K.L.:
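The following block contains the structure, expressed as structure tokens.
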Amino acid sequence: MYDMLALYEAKDVQDAVRLRLEHPEAQIIAGGTDVLVQMREGKRAGKALISIQKCDEMRGVSIDDEENIRIGSLTSFTHITNDPIIQKYINVLGEAVDMVGGPQIRNAGTIGGNTCNGVTSADSASTLHAWEAIVEITGKNGVRRIPIKEFYLKAGTVDLKVEDGEIQTAILIPKASYDRTWGHYIKYAMRNAMDIATLGTSVNARLSPDGKTFERVRIAFGVAGPVPMRAVTAESFINGKAVTLENIEEFGCKVLEDINPRDSWRASKAFRSHIAVESAKRCLIESVKLAGGEL
Amino acid sequence: MAKKQYALVTCWINGREVEQMVDVRASLTDMLRNDFRLTSVKKGCEVGECGACNVLIDGECFNSCLYLAVWAEGKHITTLEGLTGPNGELSDIQQAFMDETAIQCGFCIPGFIMTAAEILDRKVYYTDDELRKLLSGHLCRCTGYENIFKAVKKTMLRRLGMLDDPYLNS
Ligand SMILES: Cc1cc2nc3c(=O)[nH]c(=O)nc-3n(C[C@H](O)[C@H](O)[C@H](O)COP(=O)(O)OP(=O)(O)OC[C@H]3O[C@@H](n4cnc5c(N)ncnc54)[C@H](O)[C@@H]3O)c2cc1C
């Protein structure tokens, strides 16, 4: 039995918005793999919950009219990994969420929950930042879309206005972002399964048609700061440069100018900085290979 | 405390349609154990780490401790009890756990076997590394995993008609 004050079950998105306006003190529960654990631990004990588990319109991956990849916020990690659209256009996202917890957690956990928790170590977050995902939010005033960077306000807090009854309904990857782009994710953790990332690194690259120049490289980290972040100095260094190992080496070193990891019981700042440089290089090398470039 | 809140849940458990009033605060583990006496569903860590409460929901594995009982509405749920034959005959994967001595205290086994059931029903060949990853959501404190792994692998090979392959079955 959970120490829960009350449970409100939303039938669909509109119902969820209505319930949120009616019960502003209640918290949203999607897959429950964060919320129920925290309720058990006491952190969320005694709270009222609004369940969106049955809002099935928020599940699944599709391509919308503007050619965005649209991932419903309730889509589970397993369904993202197995989805043919994801595999074709942004396989790295499927690979990244396939490193969350273990199989049962990947069946229950949703990408909406993984981003709305505002957690820097979330395994989808660095890849979504590196691919400049757009977050779709639905509330009493309709739908608004914001870049994922702006969605994260600070550690544990995202831009959802309870007073407007807002919930996250989808994550979009624009065509300009996924077109001719390949990426790689490295989760550095102590164990291969059931462990939280010490550092997460996601890189993607688009090369010139002859494969010799970096047309656009994007990199984002989880656990390199209080929220997931891009490494813009490293990006602007490499963009337009020739595809060579020397440039990739330099790119790796440049990330230190962007990131701000901390000491924690999991790892020291020095160690995180070290693996950030190494992961950045390895991810970019892998991305170049996937993009058909030569090194 | 606020007034107690109940909800009626209609679902299929091990192939049988059932109706049950549940306290909305109940987990699916609570419902399966307390209301249906399906005690193969173990209460272990109750925070999604150990896998002892794992059941199939519409063919996918979930830790029932992190699943509200009310969410079971309309779902097909399978527990270990649902794998046995009408007269309690063991399924091939249960028998394999015995044959490989993948058993000791028994607490983790129902969870492991339900994950195995999901994997094996796909009728796909998995490499050793893939199988290990697919089984990684369970903790066992006695056997050391190797026999469990062998039981699942052998059942996979047997179902695929590959058990006699000396290269694969090593
Ligand atoms: C054993 C275990 C291992 C784990 N391992 C990992 C791991 O390796 N990597 C990792 O990244 N995570 C891990 N997690 C954490 C968790 O599984 C993920 O963060 C998951 O994505 C949460 O999704 P959920 O649907 O279960 O979220 P919930 O628990 O339902 O919700 C999480 C938060 O988001 C809010 N929320 C959810 N959906 C919405 C929405 N649509 N609109 C508005 N607010 C919303 C909730 O109010 C809550 O604050 C693990 C959890 C467990 C129990």
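These numbers come from a predicted model, not from an experiment. Below, read A as the first sequence line, B as the second, and so on, with proteins coming before strands; counting in each chain starts at 1.
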K.L.:
Is the positively charged end of B/Arg141 above the ring of B/Phe107, judged by distance under 6.0 angstrom from the centroid and angle within 45° of the axis?
P.N.:
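No, B/Arg141 and B/Phe107 do not form such a contact.
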
K.L.:
Kindly determine whether A/Gln168 and A/Cys116 satisfy side chain to side chain contact (heavy atoms under 4.5 Å, CB included), including the steps that lead there.
P.N.:
CA-CA 8 Å; A/Gln168 189 204 86; A/Cys116 291; 3.6 Å; yes

K.L.:
Shorter than 4.5 Å, heavy atoms on both sides: which option in A/His79, A/Arg191, A/Arg106, A/Met39 has the most such pairs with chain B?
P.N.:
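Heavy-atom pair counts peak at A/His79.
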
K.L.:
Go through the atoms of A/Glu41 and report whether side chain, backbone, both or neither lie under 4.5 Å from a heavy atom of chain B.
P.N.:
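Nothing of A/Glu41, per the 4.5 Å heavy-atom cut-off to chain B.
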
K.L.:
Side chains of A/Ser76 and A/Arg59: is there a donor and an acceptor less than 3.5 Å apart?
P.N.:
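No, no side-chain donor-acceptor contact under 3.5 Å.
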
K.L.:
Which bit of B/Glu118 comes within less than 4.5 Å of chain A, counting heavy atoms only: side chain, backbone, both or neither?
P.N.:
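The side chain, not the backbone.
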
K.L.:
Would you call B/Arg159 and B/Asp92 a salt bridge, using N to O less than 4.0 angstrom?
P.N.:
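Looking at B/Asp92 together with B/Arg159, the answer is yes, because their closest N to O distance falls below 4.0 Å.
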
K.L.:
Is it the case that A/Glu95 and A/Asn91 place a side-chain donor and acceptor less than 3.5 Å from each other?
P.N.:
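Present: a donor and an acceptor within the cut-off.
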
K.L.:
Check each atom of B/Asn63 against the heavy atoms of chain A and say whether the ones under 4.5 Å are side chain, backbone, both or neither.
P.N.:
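Its backbone and side chain both get close to chain A.
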
K.L.:
If only side-chain N and O atoms count, and only distance matters, is there a donor-acceptor pair under 3.5 Å linking A/Asn192 with B/Ser136?
P.N.:
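Side chains of B/Ser136 and A/Asn192: no pair found under 3.5 Å.
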
K.L.:
Between A/Asp98 and chain B, with a heavy-atom cut-off of 4.5 Å, which part of the residue counts as in contact: side chain, backbone, both or neither?
P.N.:
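Answer is both: backbone and side chain atoms of A/Asp98 are under 4.5 Å from chain B.
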
K.L.:
Name the member of B/Arg132, B/Met31, B/Lys133, B/Glu73 that forms the most heavy-atom pairs with chain A at distances under 4.5 Å.
P.N.:
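Answer, by heavy-atom pair count under 4.5 Å with chain A: B/Lys133.
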
K.L.:
Which one of B/Cys65, B/Gly51, B/Cys61, B/Ala69 has the most heavy-atom pairs closer than 4.5 Å to chain A?
P.N.:
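Heavy-atom pair counts peak at B/Cys61.
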
K.L.:
Report, in residue-number order, which members of residues 194-204 of chain A are under 4.5 Å from chain B by heavy-atom distance.
P.N.:
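At a heavy-atom separation under 4.5 Å, chain B is reached by A/Met194.
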
K.L.:
Can you find a side-chain donor-acceptor pair between B/Asn14 and B/Thr78 that sits under 3.5 Å?
P.N.:
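Note: B/Asn14 and B/Thr78 side chains miss the donor-acceptor criterion.
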
K.L.:
Give a yes or no on whether a salt bridge exists between B/Asp99 and B/Lys154, defined as a side-chain N under 4.0 angstrom from a carboxylate O.
P.N.:
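No salt bridge links B/Asp99 with B/Lys154.
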
K.L.:
If you measure from the Lys or Arg side-chain nitrogens to the Asp or Glu carboxylate oxygens, is any gap between B/Glu146 and B/Lys150 under 4.0 Å?
P.N.:
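Between B/Lys150 and B/Glu146 there is no salt bridge, as every charged N stays at least 4.0 Å from the carboxylate O atoms.
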
K.L.:
Need one label for A/Asn107: side chain, backbone, both or neither, based on atoms under 4.5 Å from any heavy atom in chain B.
P.N.:
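Contact with chain B: backbone and side chain both.
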
K.L.:
Measure distances from B/Thr29 to the heavy atoms of chain A and classify the residue's part below 4.5 Å as side chain, backbone, both or neither.
P.N.:
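Nothing of B/Thr29, per the 4.5 Å heavy-atom cut-off to chain A.
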
K.L.:
Of all the heavy-atom pairs spanning B/Ile93 and B/Val152, show the shortest one and how long it is.
P.N.:
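Shortest heavy-atom separation between B/Ile93 and B/Val152 comes out as CD1-CA, 4.1 Å.
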
K.L.:
With a 4.0 Å cut-off, would you call B/Asp23 and B/Lys4 a salt bridge?
P.N.:
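No, B/Asp23 and B/Lys4 are not salt-bridged.
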
K.L.:
Side chain, backbone, both or neither: which part of B/Glu60 has a heavy atom under 4.5 Å from chain A?
P.N.:
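Both parts, backbone and side chain.
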
